[in-house]
Amino acid sequence: MRLSKIIFVISIMASFLMLVASVIAFVIHDIGYFWVMFALMVISILQNISVYKHIYTSEEPAKS
C-alpha cells in the first residue's frame, strides 16, 4: 500500500472524528465550536475528494 493511500485513510478517519466532535458540541449547546468543527469537516471532505481523484486517476508506476 502506497503512503498516499495510508495518508488518505487517516484523513478520512480525521473527518469522521470532526463529525463526532460536531455532534458532541451540538448536544452540549456549544454552537461556536459546532460551526468551527462543521466547517473544518466540510473542508476536509472536499480535500479528501480531491486527493481521491488524484490517487486513483494517476498512473501507477510500471514495475519491472
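For reference, positions follow the sequence shown, starting with 1.
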F8, CZ: over 12 other non-hydrogen atoms inside 6.0 angstrom: yes

ILVMFWY network linking I6 to F16, side-chain heavy atoms under 4.5 angstrom: no

Separation between CD1 of I24 and OH of Y33, rounded to the nearest 0.5 Å: 8.5 Å

Chi angles and distances behind the side-chain contact (heavy atoms from CB on, under 4.5 Å) call for L17, M13: CA-CA 6 Å; L17 289 176; M13 291 189 320; 5.6 Å; no

Heavy atoms from other residues, nucleotides or ligands near CZ of F26 exceed 12 (cutoff 6.0 Å): no

Ring geometry between W35 and F38 (parallel below 30°, tilted from 30 to 60°, perpendicular above 60°): perpendicular

Hydrophobic cluster identity match, L46 and V36, side-chain contacts under 4.5 Å: yes

Min side-chain heavy-atom separation M41-I45 under 4.5 Å: yes

Donor-acceptor contact present, side-chain S44 to main-chain L40, <3.5 Å: no

Cluster link I49 to L19, ILVMFWY, side chain under 4.5 Å: yes

Euclidean distance, K5 NZ relative to I7 CD1, rounded to 0.5 Å: 13.0 Å

Evaluation steps, side-chain contact (heavy atoms from CB on, under 4.5 Å), between N48 and S15: CA-CA 9 Å; N48 286 340; S15 298; 3.1 Å; yes

